[in-house]
**Student:** 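Let me begin by handing over the structure; questions about it come next.
What you see is a predicted model, and the numbers here were worked out from it, not measured in a lab. Chain A is the first sequence line, chain B the second, and so forth, proteins listed ahead of strands; every chain is numbered from 1.
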2 protein chains.
Amino acid sequence: MSISERKQRDKIEMENLILNSAMELFLKEGYDNVTIRKIAEKIEYSPTTIYLYFKDKDEIFFTLQKMAFREFNKVQLKTSEIKDPIERFFAHGKSYINFATENPGYYDLMFIMNEPVRNLKSPDEWKDGMTSYDYLKQNIKDLIQMKYLPETDIEVAAFSIWSLVHGIASLVIRRGIFFPEEYRNQLVEGALMYLFSNLSNKS
Amino acid sequence: MSISERKQRDKIEMENLILNSAMELFLKEGYDNVTIRKIAEKIEYSPTTIYLYFKDKDEIFFTLQKMAFREFNKVQLKTSEIKDPIERFFAHGKSYINFATENPGYYDLMFIMNEPVRNLKSPDEWKDGMTSYDYLKQNIKDLIQMKYLPETDIEVAAFSIWSLVHGIASLVIRRGIFFPEEYRNQLVEGALMYLFSNLSNKS
DNA sequence: TTGACAAACTTAACAACGTTAAGTATTTTT
DNA sequence: AAAAATACTTAACGTTGTTAAGTTTGTCAA
């Protein structure tokens, strides 16, 4: 059965070749330049070959989203080493914003673009998106337990805090032009401080 | 010179015909269905006629964005009648979220989509986007003056609070599938309460 | 009123796109 | 070595945004 194993390896390799080329095109040249034909040219296959590995273009973007999530989760979970829950909470928030501003392409794929999500019918298919959200919930629970945050519905609190950082990130990514470049970082930094300290200083 | 006046009127009328058809297509059938050809068919002109009135497709979306802003600003400024600054602040936030969830298309045009903003080089061209932001800043000033909010940089505070509501709105619009439909409204309502009360109850 | 000129609009075409159907090689199985 | 399955390509369809060239319509001076 070694031959069918090799075939399966080859298939995965080809899928990765396609995905990596697509990701590279997306990150370097933006969404508009990710065309089936350009991916094909990059990997030196005919355009139609791609359809032997992916149903359509949206499925490619769905898989790119997964890749982005894996990268994102890896970075997010690094903060779990921090013992102090309030310090961990801050670090998590900072890390979120950092990832978003340093990898706007990944962030777009995960939380803004429609393409990766167009064919989803249920939230279950968003498992990769859950990992870091669950981590946030756990952090919030710790904060509440230690009385750093008032007792509230965990779901509401998690959604609120996610909204808060997502708002900052997505404003900068999609409407950054609106804010003079010199102040942009200060603004982001300041907003994070402002909102987080308002949340946790109450006790 | 009445004849050239009539011509100018006609030109504006034609522009509006194009814009209204484009907006209708956008709101009813989504971005993908706004094509030059479909707009043309709707207004019963040839596709190329549209290029006599707009430079390209992005310019149409830029103008649609302006229309969305006008509608948005009109609704937002209604809350200015409220005397009590803290009550006004809450009402403003609620009105923001309401507009976003009831007019996701408008909201997308204003604050999420790239198309309307692709050819902008400076924030000055975003005058329509400023109106309600300036109004927010004024409201924040009032709150600070009355000691309902701690003394801070107005720009940072405004950006923070905008981020906060924008986060809620854009999460629901672009990643609504992630949250079960039954709870979505409660989640949004809860988040708004949670975040706003954390901000203003300190004094 | 007519002829020149400009404005408004259309036809035809281009290059690029996503995607499918049909065909050709290549590899594996019998 | 023949048959069957796999991997890949060629050619084409129907769209898309956009431009160049042509036609019709309206305006104005003679």
**Student:** Under the 3.5 Å rule, do the base of dT10(C) and the side chain of T49(B) count as making a donor-acceptor pair?
**Tutor:**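 Result: no qualifying N/O pair found.
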
**Student:** Would you call the rings of F111(A) and Y96(A) parallel, tilted or perpendicular, taking 30° and 60° as the class edges?
**Tutor:**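 Ring orientation of F111(A) relative to Y96(A): parallel.
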
**Student:** So, does Y53(A) get its side chain near the phosphate of dC8(D), meaning an N or O under 4.0 Å from OP1 or OP2?
**Tutor:**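 So the side chain of Y53(A) is within the cut-off, an N or O lying under 4.0 Å from OP1 or OP2 of dC8(D).
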
**Student:** Under 4.0 Å between a side-chain N or O of T48(A) and OP1 or OP2 of dT9(D)?
**Tutor:**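 Checking T48(A) against dT9(D): no side-chain N or O falls below 4.0 Å of OP1 or OP2.
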
**Student:** Check the distance between dC17(C)'s P and D58(A)'s CG and give it to me in whole angstrom.
**Tutor:**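 Result: 16 Å.
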
**Student:** Quick one: on DNA chain D, does L52(A) or R37(A) contact a more 5' nucleotide (nearest heavy atom)?
**Tutor:**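 The residue mapped nearer the 5' terminus is L52(A).
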
**Student:** Please verify the inter-ring angle class for Y106(B) with F99(B); under 30° counts as parallel, over 60° as perpendicular, anything in between as tilted.
**Tutor:**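 Because their plane-to-plane angle is under 30°, the rings of Y106(B) and F99(B) count as parallel.
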
**Student:** Just the rounded figure in Å: distance from P of dT20(C) to CG of D56(A).
**Tutor:**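 Taking CG of D56(A) and P of dT20(C), I get 8 Å after rounding.
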
**Student:** For the pair made of OH in Y45(B) and P in dT24(D), what is the distance, rounded to whole Å?
**Tutor:**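 Atom-to-atom, Y45(B) to dT24(D), this comes out as 17 Å.
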
**Student:** Can you tell me how far P of dA16(C) sits from CD of E29(A), to the nearest Å?
**Tutor:**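 Taking atom P of dA16(C) as the reference, CD of E29(A) is at 15 Å.
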
**Student:** How long is the line joining CD1 of I43(B) and C1' of dC9(C), in whole Å?
**Tutor:**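 In whole Å, dC9(C) C1' and I43(B) CD1 are 11 Å from each other.
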
**Student:** Counting only side-chain heavy atoms from C-beta out, which of dG18(C), dC9(C), dA11(D) sits nearest to I36(A)?
**Tutor:**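 My answer, after comparing the listed nucleotides, is dG18(C).
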
**Student:** Could you state the atom-to-atom distance from OH of Y51(A) to P of dA22(C) in whole Å?
**Tutor:**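 Y51(A) atom OH is separated from dA22(C) atom P by 18 Å.
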
**Student:** Looking at Y31(A), does the NZ or CZ of K57(A) lie under 6.0 angstrom from its six-membered ring centre and within 45 degrees of the ring axis?
**Tutor:**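 The answer is yes, since K57(A) meets both limits relative to Y31(A).
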
**Student:** Minimum heavy-atom separation for D128(A) and K66(A), please, with both atom names.
**Tutor:**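 Heavy-atom minimum between the residues: OD2-CG, 3.5 Å.
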
**Student:** Taking atom types as they are modelled, would you say the side chain of S46(A) forms a donor-acceptor pair with the base of dT10(D) within the 3.5 Å cutoff?
**Tutor:**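 Per atom types, no contact qualifies.
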
**Student:** Measure from CD1 on I50(A) to C1' on dC17(C) and round the result to the nearest Å.
**Tutor:**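 Distance, rounded to whole Å: 13 Å.
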
**Student:** Expressed as a whole number of angstroms, how long is the span from D10(A):CG to dT27(C):P?
**Tutor:**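 For the pair D10(A) CG and dT27(C) P, the rounded distance is 11 Å.
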
**Student:** How is F54(A) classified with respect to the nucleic acid when contacts are heavy atoms under 4.0 Å: base, sugar-phosphate, or nothing?
**Tutor:**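 Counting heavy atoms under 4.0 Å across all strands, no contact is made by F54(A).
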
**Student:** Return the minimal non-hydrogen interatomic distance between F62(B) and P116(B), and the atom names on each side.
**Tutor:**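 Reported closest heavy-atom pair: CD1-O, 3.2 Å.
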
